[in-house]
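Whatever order the structure lists ligands and atoms in, that order sets their numbers, starting from 1. Atoms considered below: every heavy atom in the structure, side chains included; atoms not considered: hydrogens, waters and symmetry mates. This is a predicted model, so every value here is computed, not measured.
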Amino acid sequence: MADCEATTVETASELSVEARLWHPVAQVQDVGAVPVAVQLLERSVVLWRDRSTTIHAWADQCPHRGAKLSLGRVCDGQLECPYHGWKFDASGQCIQVPAMPEFVPPPSHRATVFEAQERYGLVWVRLALGGADAAEVPAFAAEHDDHLRKLNCGPYDVLTSAPRIVENFLDMAHFGFVHEGWLGSRQHTRVADYTVASTRTGLVATGCKAWQPQSNVHSTAPAEVEYRYEVTAPYSAVLSKVPDTNSTAVAGYRESIALFISPLTPQSSRVWFRLAVADFTSPDTHLQAFQHTIFLQDQPVLESQYPKRLPLQGHSELHTAADRASSAYRRFLKHSGVRFGVL
Ligand code: FES
Ligand code: FE
């Protein structure tokens with residue numbers, strides 16, 4: 001047990017690149033009056049809201065005797081440890097030790113505090129301070145498009161690494177097999193030429209085309225669909241797609257989908273999709289059901305891939321020109337210095 005705990009601490013401190021990135025950890029509506037335990041980069045993290053409803057993310061380990069703060073409670077805007085009742089204010093400072101009512105805890109009596117913010121309906125956490133060149137929360141341009149409605153789908157807990165999930169998101173050659181009758185067909189398996197360019201945050205792939213029997217929730221006929229993919233951070237990507245006109249029940253239908261992944265461990269992940277769709281009338285559940293169907297088709301194949309961590313070294317997996325987006329993603333990861341979820 002002691003060895004296991006020591007390894008966890010070492011792992012977190014070595015993750016300089018990943019620890020300085022913002023990661024999604026929960027849906028904002030799931031953090032209410034009681035503390036919530038989440039996992040991020042093999043660290044246990046507690047989320048809680050203070051009196052002003054600001055969300056805090058701390059190490060889920062009391063600095064007194066290591067109990068999980070997430071088993072405690074929030075009282076008067078303070079987090080109370082479940083074991084001996086030490087109380088911590090919103091800054092992480094211990095302000096009361098019930099066993100010693102006259103004791104004034106010094107500044108060293110503090111919880112370990114991480115940065116947290118709300119964006120895209122999710123709570124984002126960064127374990128290490130970012131510095132001058134710090135990454136932002138991954139961009140999602142459609143968020144600012146008033147003609148698109150936004151809603152989230154998930155979470156999905158997936159037994160594979162975050163990079164395997166991003167790579168699958170960029171992959172068009174699986175449509176005719178994994179999503180047969182939906183996003184592809186065995187009669188249309190050719191991946192037409194497309195262009196990939198490197199960007200500061202990853203890559204952008206343009207001119208991607210796919211013939212899809214049912215490309216979206218409003219499809220009325222098979223259509224050629226134009227895709228644009230963007231990797232917006234090591235564990236995030238966005239796709240935008242526009243089907244042929246006359247192939248949907250909603251005129252001018254288009255959509256943009258962000259993939260946001262919480263890297264729980266090197267081989268397990270929690271996934272959310274943020275949908276931005278040109279549809280302000282369908283119920284949320286109707287729009288989410290389509291994405292749900294598609295991802296549940298992906299999940300068994302994703303979880304079957306071995307190794308679960310994405311191989312970046314050597315030639316352990318084979319590539320063709322159809323895979324150039326995933327090859328570019330692997331090169332980006334290699335140069336980014338990310339080590340969590342890769343080999
Ligand atoms: Fe938290 Fe003692 S372990 S108060
Ligand atoms: Fe897929």
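- Remark: at the Fe ion (ligand 2), atom NE2 from His174 and atom NE2 from His179 enclose 100°, rounded to the nearest 10 degrees.
- If you look at Phe88 and His56, their ring centroids are not closer than 6.0 Å.
- Both Met172 and Ile294 are assigned to one and the same hydrophobic cluster, defined by single-linkage of ILVMFWY side chains at heavy-atom distances under 4.5 Å.
- Residue Cys62 has at least one heavy-atom neighbour below 4.0 Å for each of these atoms of ligand 1: 1 (Fe), 3 (S), 4 (S).
- Close approach of ligand 1 to Cys81 (heavy-atom distance below 4.0 Å) involves ligand atoms 1 (Fe), 3 (S), 4 (S).
- When distances to the Fe ion (ligand 2) are checked against a cut-off of 2.8 Å, Asp171 contributes no N, O or S atom below that limit.
- Of all N, O or S atoms in Asp298, the one lying closest to the Fe ion (ligand 2) is OD1.
- Residue contacts with ligand 1, taken as heavy atom pairs separated by less than 4.0 Å, involve Tyr83 solely via side-chain atoms from C-beta onward.
- Nearest non-hydrogen protein atom to atom 3 (S) of ligand 1 is Arg65 N, 3.3 Å.
- Cluster annotation: Ile261 and Leu302 are assigned to the same hydrophobic cluster (Ile/Leu/Val/Met/Phe/Trp/Tyr, side-chain heavy-atom contacts under 4.5 Å, transitive).
- Hydrophobic clustering (side-chain heavy atoms under 4.5 Å, transitive across Ile, Leu, Val, Met, Phe, Trp, Tyr) groups Leu259 together with Val217.
- Using the six-membered ring where Trp is involved, His218 and Tyr253 have ring planes that are perpendicular, over 60° apart on the 30 and 60° scheme.
- Residue side and main chain included, His64 places an N/O/S atom under 2.8 Å of atom 2 (Fe) of ligand 1.
- A cation-pi geometry, defined here as NZ or CZ lying under 6.0 Å from the six-membered ring centre and within 45° of its normal, holds between Arg324 and Tyr194.
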Is there a ring-ring contact (aromatic ring centres under 6.0 Å, His included) between Phe175 and Tyr227? Walk through the geometry before answering. CA-CA 13 Å; Phe175 286 169; Tyr227 272 73; 5.8 Å; yes
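- Atom 2 (Fe) of ligand 1 has as its closest protein heavy atom His84 ND1, 2.0 Å.
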